[in-house]
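Inspection log for the structure reproduced underneath, given as structure tokens.
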Amino acid sequence: MTATYDAVVVGSGPNGLAAAVELAREGKRVAVLEGKSTIGGGARSAEITLPGFVHDLGSAIHPLGYASPYFRSLPLEEHGLEWIHPDAPLAHPFDGGEAAVLERSIVATAAKLGHDAAAYRRLMEPISADAGRIAGFFVGKPGVLRHPLALASSGVRSLRNAEGLAKSVFEEDKARGLFAGNAAHSFLPLDRSPSAMFGLLLGTLGHAFGWPFPRGGSQSLANALASYLESMGGEIFTDSPVRSVNDVPRTRAVLFDVTPRQLLDIAGEHFTDGYNNALKRYRYGPGVFKVDFALDDPIPWEAEGCNRAGTVHLGGTLDEIAAGEDAVGRGEHPERPFILLAQQSLFDRTRAPEGKHTVWAYCHVPNGSSFDMTGRIEAQIERFAPGFVDRILDKRAAGTADLERWNPNLVGGDINGGYMDFGQLFTRPMPRPNPYSTPARGLYICSSSTPPGGGVHGMSGYFAARVALRYLA
Ligand SMILES: Cc1cc2nc3c(=O)[nH]c(=O)nc-3n(C[C@H](O)[C@H](O)[C@H](O)COP(=O)(O)OP(=O)(O)OC[C@H]3O[C@@H](n4cnc5c(N)ncnc54)[C@H](O)[C@@H]3O)c2cc1C
């Protein structure tokens with residue numbers, strides 16, 4: 001690496017790769033330095049149980065990636081990306097063998113929600129009809145909204161807490177539980193704002209775009225970004241951890257796909273005391289405990305509908321999910337955790353040997369937890385699918401320390417690059433006019449610790465690259 005670059009990106013997560021792609025698209029000479037031996041950050045896949053079983057090590061399901069206005073603007077299909085849409089985005093089973101199913105169609109979803117059918121349609125129809133236009137705003141493509149007044153009311157609702165919103169809008173367990181499961185992606189206690197925003201966002205994405213995943217695993221998305229980058233002359237170096245700015249080859253701009261704690265270690269000497277103090281005060285959220293399973297047969301779900309869904313939320317009623325998330329917020333480990341589960345191999349035959357299956361599952365735990373949740377995760381799956389444990393051929397668990405060793409951005413097991421409450425959702429890593437720049441000229445942060453936050457969407461990388469391009473112009 002003796003060459004001189006216009007820009008160097010540190011870290012090859014989806015945001016780092018998106019930043020590099022945007023810089024290369026504008027004709028800049030770009031290199032990506034990845035500390036690990038494989039690229040992709042949170043979007044990596046590998047055979048970590050038995051041969052032929054391909055597991056997603058981090059992200060699995062990509063409503064944000066599929067809807068991302070930036071990824072949509074790139075020719076990723078020409079570079080090997082193929083999206084798979086399960087028959088239904090999401091199922092949410094309850095005790096007694098019934099499930100709420102989030103279908104692509106709002107009408108079909110509502111039809112199975114009993115007395116809450118009309119309320120569900122009133123809540124989701126206006127926002128879902130305008131989802132594409134709303135997404136366009138993020139990349140500066142304003143469009144005329146079809147339902148501005150209804151959307152304003154959805155906007156106000158999204159600022160509420162999920163428990164309050166679900167209990168005021170819905171009467172029955174099914175619709176309440178479905179909403180609570182989506183809201184729990186926020187990692188916030190469900191009586192805390194803006195957890196409702198996540199419930200509305202994920203439901204809307206399910207209806208408007210689906211919850212697809214890349215054929216072959218999330219690694220295929222990272223590989224497609226890398227292949228496109230290399231086709232434009234961008235270079236990627238793996239096994240190249242950056243410990244200080246001195247490790248970076250000659251360049252005019254450096255974009256860091258890292259979180260505030262790492263940025264402080266790597267580049268703190270170039271920043272002001274005020275900026276460094278704010279980086280030190282940055283708050284990380286709860287962590288996750290994850291288990292990947294290799295199965296002899298598909299999961300024997302009790303409830304009809306679960307076999308048609310790529311993702312299954314396990315936690316039962318709103319009250320039960322809220323109690324579990326609340327316990328995590330207090331630093332405890334719920335006996336019956338809320339579980340996010342994906343069963344990609346039902347829809348993607350490349351993921352497991354003929355007739356066999358993979359399962360990806362995780363639950364929330366306190367940041368830095370060393371508690372082994374494997375037994376509780378298995379018991380929760382078994383509750384809704386009796387006979388599940390008899391089908392396990394092999395499994396691999398990862399606690400917060402394992403996850404952080406695998407990817408240093410997962411501080412204490414936090415998968416969102418920082419807590420996503422009001423104090424940090426829109427103003428990460430700290431309140432300042434341009435969150436992607438730092439006090440040091442030419443140094444930028446482009447990870448999910450900047451807006452719009454966690455998830456595989458590449459938008460943080462894209463926005464940071466646009467800021468760096470103004471400097472490079
Ligand atoms: C278990 C799990 C499940 C998830 N599920 C989903 C999901 O289903 N859908 C979804 O959209 N999102 C999901 N996510 C979140 C998603 O993976 C992240 O939000 C996303 O990957 C963030 O992208 P990023 O580019 O900001 O950072 P990352 O993807 O974390 O990438 C950072 C990269 O930088 C590298 N790096 C860090 N420090 C250095 C250094 N000093 N030198 C060189 N390289 C360095 C790391 O090795 C890593 O490759 C999940 C994450 C995990 C861990």
Side-chain angles (χ1 to χ4, degrees), residues 8-20 31-44 55-68 71 185 187 202 205 211-214 217-219 221-222 225-226 236-245 247-248 254-259 261-267 285 287-292 310-311 340-342 344 360-365 398-400 402-411 413-418 420 428 445-450 452-462 464:
V8 169
V9 178
V10 175
S12 69
N15 282 314
L17 291 172
V32 177
L33 306 184
E34 168 54 52
K36 298 295 174 185
S37 54
T38 53
I39 61 151
R44 276 183 280 169
H55 301 277
D56 288 325
L57 307 182
S59 70
I61 304 295
H62 296 92
L64 296 168
Y66 184 72
S68 161
F71 286 166
H185 283 247
F187 282 75
L202 285 166
L205 288 172
W211 286 20
F213 54 85
S218 61
Q219 184 76 55
L221 175 57
L225 285 162
I236 301 175
F237 301 92
T238 51
D239 295 309
S240 304
V242 170
R243 294 186 186 90
S244 104
V245 174
D247 292 340
V248 176
V254 187
L255 291 84
F256 291 97
D257 185 12
V258 306
T259 80
R261 192 174 297 179
Q262 301 140 277
L263 186 62
L264 189 62
D265 283 348
I266 298 170
V288 308
F289 187 96
K290 177 170 183 275
V291 192
D292 287 288
T311 304
L340 300 92
L341 180 148
Q344 301 94 318
W360 166 105
Y362 75 80
C363 67
H364 301 158
V365 291
T400 63
D402 304 308
L403 290 166
E404 193 171 339
R405 254 192 309 279
W406 166 68
N407 177 352
N409 283 32
L410 305 175
V411 178
D414 176 347
I415 69 170
N416 281 326
M420 306 231 284
R428 48 212 282 128
I445 176 167
C446 69
S447 72
S448 61
S449 304
T450 62
V456 171
H457 44 62
M459 297 306 298
S460 302
Y462 164 76

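For this chain, numbers begin at 1 and follow the sequence in order. All ligand and atom numbering here is 1-based and tracks the order in the structure.
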Contact partition for [X] relative to ligand 1, non-hydrogen atoms under 4.0 Å:
{"X": "F237", "answer": "neither"}
{"X": "Q262", "answer": "side chain"}
{"X": "L410", "answer": "side chain"}
{"X": "D257", "answer": "both"}
{"X": "P408", "answer": "side chain"}
{"X": "V456", "answer": "both"}

Kindly confirm or rule out an N or O of [X] lying under 3.5 angstrom from an N or O of ligand 1.
{"X": "K36", "result": "no"}
{"X": "L403", "result": "no"}
{"X": "P14", "result": "yes"}
{"X": "N15", "result": "yes"}
{"X": "A60", "result": "yes"}
{"X": "N407", "result": "yes"}
{"X": "E34", "result": "yes"}
{"X": "G35", "result": "yes"}

Point to revise | Check: G417 main-chain N/O paired with S449 side-chain donor or acceptor under 3.5 Å | key: yes
Practice item. For the pair S448 (side chain) and G454 (backbone), establish whether a donor and an acceptor sit closer than 3.5 Å, ignoring hydrogens and angles. Key: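 No, because the side chain of S448 does not come within donor-acceptor range (under 3.5 Å) of the backbone of G454.
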Review point. Taking only heavy atoms of G454, which atoms of ligand 1 are found under 4.0 Å from at least one of them?
Key: 19 (O)
For [atom], what is the closest protein heavy atom, and at what distance to 0.1 Å?
{"atom": "atom 31 (O) of ligand 1", "result": "G13 CA, 3.2 Å"}
{"atom": "atom 9 (N) of ligand 1", "result": "I61 O, 2.7 Å"}
{"atom": "atom 51 (C) of ligand 1", "result": "I415 CB, 3.6 Å"}
{"atom": "atom 34 (O) of ligand 1", "result": "G11 CA, 3.2 Å"}
{"atom": "atom 39 (C) of ligand 1", "result": "V258 CG1, 4.0 Å"}
{"atom": "atom 5 (N) of ligand 1", "result": "S59 CA, 3.2 Å"}

Review point. Can you tell if the side chain of F213 reaches within under 4.5 Å of the side chain of D56, non-hydrogen atoms only?
Key: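 Contact flag for F213/D56 side chains = no.
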Review point. Hey, what's the ring geometry for W360 with Y362, parallel, tilted or perpendicular (30° and 60° as the breaks)?
Key: perpendicular
Practice item. On the 0 to 90° scale, with breaks at 30° and 60°, tag the H185-W211 ring pair as parallel, tilted or perpendicular. Key: perpendicular
Check your understanding: Just going by heavy-atom distances, which of S460, G413, G42 is nearest to atom 17 (O) of ligand 1?
Key -> G42
